[in-house]
Each structure stands twice: as C-alpha cells, then as structure tokens.
Asker: 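Input: one structure, supplied below.
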Amino acid sequence: ESRGLGDVYKRQLSNILRIFANTMAHIPRKHISDIGLWLVYAGLTMLITCSLFIRSNVNTMLFLSVFLVIVGIIVHVLATKKESKY
C-alpha cells in the first residue's frame, strides 16, 4: 500500500513538533521572560538591519520583525505577571 506525500509531511511535522515540545519542557520557568526579551531584541535587530542595509521593500522581513517584537512583549509581560505576587 502506497502512502501519499502528504502523509509523509504530516509525520515529519508531527515529529518536529514533538521534538520542539520536549525541548521546551526542559527550559526552566525563570528563563521564559528572558525568551520574551530575546524575541524583542531579535525583532529590533531585524528592523534596524532592514532599514539600514536593505533598500528594497521586503514586506516579509518587516512583518516577521514586528511579529517577533509583539510576541516577545506579550511573552515577557505574561511571564512577569505570572511571577508577581499581586
């Protein structure tokens, strides 16, 4: 019985997601807010790099950098609120 190419991709994606979940499970909780800050730093670095060195309008890079900044801020705020006693 022959399986379609879509089944192969689904199994590979499933394996990648399982590996990612296992890796994320071993990160201590105290480093989650640091991940938020690093996402913000990565997004800002991409924005600055695109504006200084890339003269064409690369919407994908700009969208990705803004997305990283927004997700980083959300992760950092949620982690900081969770650590707070209030």
Side-chain angles (χ1 to χ4, degrees):
E1 158 184 348
S2 167
R3 293 184 185 210
L5 195 56
D7 292 335
V8 174
Y9 287 137
K10 287 178 186 176
R11 272 187 282 134
Q12 287 178 346
L13 181 61
S14 173
N15 288 337
I16 290 171
L17 290 176
R18 189 174 341 112
I19 291 169
F20 178 73
N22 288 338
T23 304
M24 292 303 288
H26 296 294
I27 295 177
R29 293 280 182 205
K30 65 180 181 177
H31 295 302
I32 296 296
S33 65
D34 294 340
I35 290 173
L37 287 177
W38 282 108
L39 287 173
V40 171
Y41 297 151
L44 290 176
T45 303
M46 285 176 64
L47 275 173
I48 292 169
T49 303
C50 284
S51 65
L52 290 179
F53 298 113
I54 300 175
R55 294 295 176 203
S56 64
N57 216 358
V58 184
N59 290 332
T60 306
M61 293 294 288
L62 296 175
F63 175 74
L64 180 61
S65 59
V66 170
F67 178 76
L68 285 175
V69 169
I70 291 171
V71 169
I73 290 172
I74 291 171
V75 168
H76 181 69
V77 168
L78 291 176
T80 304
K81 280 187 161 197
K82 191 171 185 177
E83 291 174 1
S84 178
K85 295 180 182 178
Y86 296 108

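All values below were derived from every heavy atom in this structure, side-chain atoms included, with hydrogens, water molecules and symmetry-related copies excluded.
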Asker: To the nearest 0.5 Å, how far apart are CG in Leu47 and CG in Leu52?
Answerer: 10.5 Å
Asker: What's the shortest heavy-atom distance between Gly43 and Ser65, and which atoms?
Answerer: O-CB, 3.4 Å
Asker: Would you check, one step at a time, whether the test side chain to side chain contact (heavy atoms under 4.5 Å, CB included) holds for Ile70 with Ile74?
Answerer: CA-CA 6 Å; Ile70 291 171; Ile74 291 171; 3.9 Å; yes
Asker: Starting at CE of Met46, measure out to CG of Leu68 and round the result to the nearest 0.5 Å.
Answerer: 6.0 Å
Asker: Parallel, tilted or perpendicular: which one describes the rings of Phe67 and Phe63, with boundaries at 30° and 60°?
Answerer: parallel
Asker: Using side-chain heavy atoms (C-beta onward) and a distance below 4.5 Å, is His76 in contact with Val40?
Answerer: no
Asker: Is any side-chain heavy atom of Val69 closer than 4.5 Å to one of Leu39?
Answerer: no
